[in-house]
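One structure below.
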Amino acid sequence: MQLFSCPFCGPRDETEFHFAAEAGKTRPEPAGEVSPEAWSGYLYAKSNPGGPSREIWQHVTCGEFFLMERDTLTHEVAGSKALRGQRP
Amino acid sequence: MTRRYSAFSLFVEGLRGQTGWAPAWRTPKPKAQYDAVIVGGGGHGLATAYYLAKNHGIRNVAVVEKGWLGGGNTGRNTTTIRSNYFYPESVALYDFALRLYEGLSRELNYNVMFSQRGLVTVAHSEAEMEIAARVVNAMQINGTDAELLGPEEVLKREPLLNMSDRARFPVFGGVWQGRAGVARHDAVAWGYARAADRMGIDIIQDCEVEGFLVEDGRCAGVETAGGTIRAGAVGLAVAGHSSVMAAKAGFGLPIQSYSLQAMVSEPVKPCMETVVLYPGTGTYLFQSDKGEIVVGGGIDRVPSYAQRGNPPAQRQVLSGLLEMFPAFGQLKLMRQWAGNVDVTPDSSAVLGPSPLPGLYLNCGWGTGGFKSIPAGGWLLAHLIAKGEHHEISRPFDLSRFMTGRLVDEAAGSGIAH
Ligand SMILES: Cc1cc2nc3c(=O)[nH]c(=O)nc-3n(C[C@H](O)[C@H](O)[C@H](O)COP(=O)(O)OP(=O)(O)OC[C@H]3O[C@@H](n4cnc5c(N)ncnc54)[C@H](O)[C@@H]3O)c2cc1C
Ligand SMILES: [Zn+2]
């Protein structure tokens, strides 16, 4: 069992968390000028790195989305950060 | 040297003290240039090389594998082979593979131990029985075998299933595919490797592809730990590592890598006849020829390249097992392991040209691409040889993520992979 840290609730069982998306994607704008390729890339393409990774997770128990930096090879967690008021 | 496997050669070698067997494949040094290079020596990569030679006469081909043959998902999978999908595109693909599996041992002169013992996907309520009937209808219309079973017919096949009226997931019936079954995982990789090697294909193990050689905007080969290998075309069949390789080629893929785990029990006397899947628990199992109960379930829901399963997913699979087969509460687990699976948003594979000309994709099989190895190899070979899609692979082109024409089998057949 691994513990992940919610910035609001502290360390909790991994089963309480839900992986949402990779961090750092920005929605291409304005919509009228976005090519199908760029839109498809925004919706579906993932960097899916093998190693250090910046990810958006949800702590399902409290409902909050936050940033977690972890390593997909070792599963080591570098840290969690609240997202409020800032861009990931 | 004995090369062909048969009852006769087994007998003769028995008399000779087994001294005349030839190695199943050579260990060649890579040449500087090939007509095609396949990255990844799992089932899909090896089958691609075999069909390049067999179907298209292209024999100047290398398969480059960073570890050992079949050491990826192919050698870690639970080997269920079926074509019980909802959409015509999927049945065309997976039933093509199933038909090739039916003749594979003879084709490769290698016993892949394909045992068509049938698979039952159990329905747990009246409502689920209606969905089961719908799936059976779809499968029959799509031209594959499917039957709707009532509860007695399910229990006749698997008398140890939980029949208690207090069962959390009772047996109301199920979808039966009698041609489904299991095969020996390593044998599929080794059989294709041996047959490809016989036709002159170089299988290069222990050689990691670190990047691509790009000339005039075209993929012209691969950069490996042992140097550059030039190629007329390159096929990528690296499953959970597809995103890492795509990044080196300069594009992104709609793939997330996860661990998928499985486990086996100690061997016990024959007590299961078929492959059983409970959508309610997410657990599926069968008994291996050695008597072990082979158990699997869903992915670990944490993006990962670790090839290691976490305890929560294991606990879920095993609690499902005990709900389904209470008698297995006494079983001892022998081994647990995981592979690195390549999951797409619509649970369907990606087959076709990549954004880098000269580089072709075979990936996104997720938790279910052992069953498709013969078809995936056949279709990638076609793409490489002809430079264009086979009718069966066309719907699985990467462009579906732009057009929106997804083949969403998680929604269609309820089987997410
Ligand atoms: C536990 C588990 C259970 C499963 N159960 C089933 C099942 O019951 N039925 C089913 O149909 N499917 C199942 N699957 C899925 C199935 O195993 C895979 O979809 C299938 O084996 C993929 O085959 P492949 O040849 O594409 O990939 P792999 O067999 O993973 O081969 C890819 C190869 O590429 C190599 N590679 C990676 N990067 C590089 C590089 N840079 N250079 C050179 N080589 C590289 C890897 O070492 C690996 O050997 C299961 C998977 C797992 C993990
Ligand atoms: Zn919280």
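What's counted below: heavy atoms across the whole structure, side chains too, no hydrogens, waters or symmetry copies. Below, chain A is the first sequence line, B the second, and so on; all start at residue 1.
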Rounding to 0.5 Å, atoms OH (B:Tyr305) and OG1 (A:Thr72) come to a distance of 6.0 Å
So with a 6.0 Å cut-off around CD of B:Gln316, is the heavy-atom count from everything else above 12? no
Is it the case that more than 12 heavy atoms not belonging to B:Glu210 sit under 6.0 Å from its CD atom? yes
Would you name the heavy atoms of A:Asn48 and B:Ser243 that are closest together and state the gap between them? ND2-OG, 2.7 Å
Heavy-atom pair of closest approach, residues A:Phe19 and B:Arg301: CB-O, 4.2 Å
Given a strict heavy-atom distance threshold of 4.5 Å, which part of B:Leu398 is in contact with chain A: side chain, backbone, both, or neither? neither
Considering all heavy atoms, the nearest B:Ser304-A:His75 contact: OG-NE2, 2.7 Å
Is the backbone of B:Gly252 close enough, under 3.5 Å, to the side chain of A:Tyr44 for a donor and an acceptor to pair up by distance? no
Pick from A:Gly41, A:Gly51, A:Pro49, A:Ser47 with the largest number of heavy-atom pairs that fall under 4.5 Å of chain B: A:Pro49
Which heavy atom in B:Pro312 sits nearest to a heavy atom in A:Thr15, and how many Å separate them? CB-CG2, 3.5 Å
Looking only at heavy atoms, which two atoms of B:Arg308 and A:Thr74 are closest? And how far apart? NH2-O, 3.6 Å
What part of A:Trp57 gets closer than 4.5 Å to chain B, counting heavy atoms only: side chain, backbone, both or neither? side chain
Portion of B:Ile255 that has a non-hydrogen atom of chain A nearer than 4.5 angstrom: both
Roughly how far apart are B:Asn310 CG and A:Glu14 CD, rounded to 0.5 Å? 4.5 Å
Looking at every non-hydrogen atom in both residues, tell me the closest pair between B:Pro254 and A:Lys46 and how far apart they are. C-CE, 4.3 Å
Could you tell me whether the side chain of B:Pro303 reaches within less than 4.5 Å of the side chain of A:Glu22, counting heavy atoms only? no
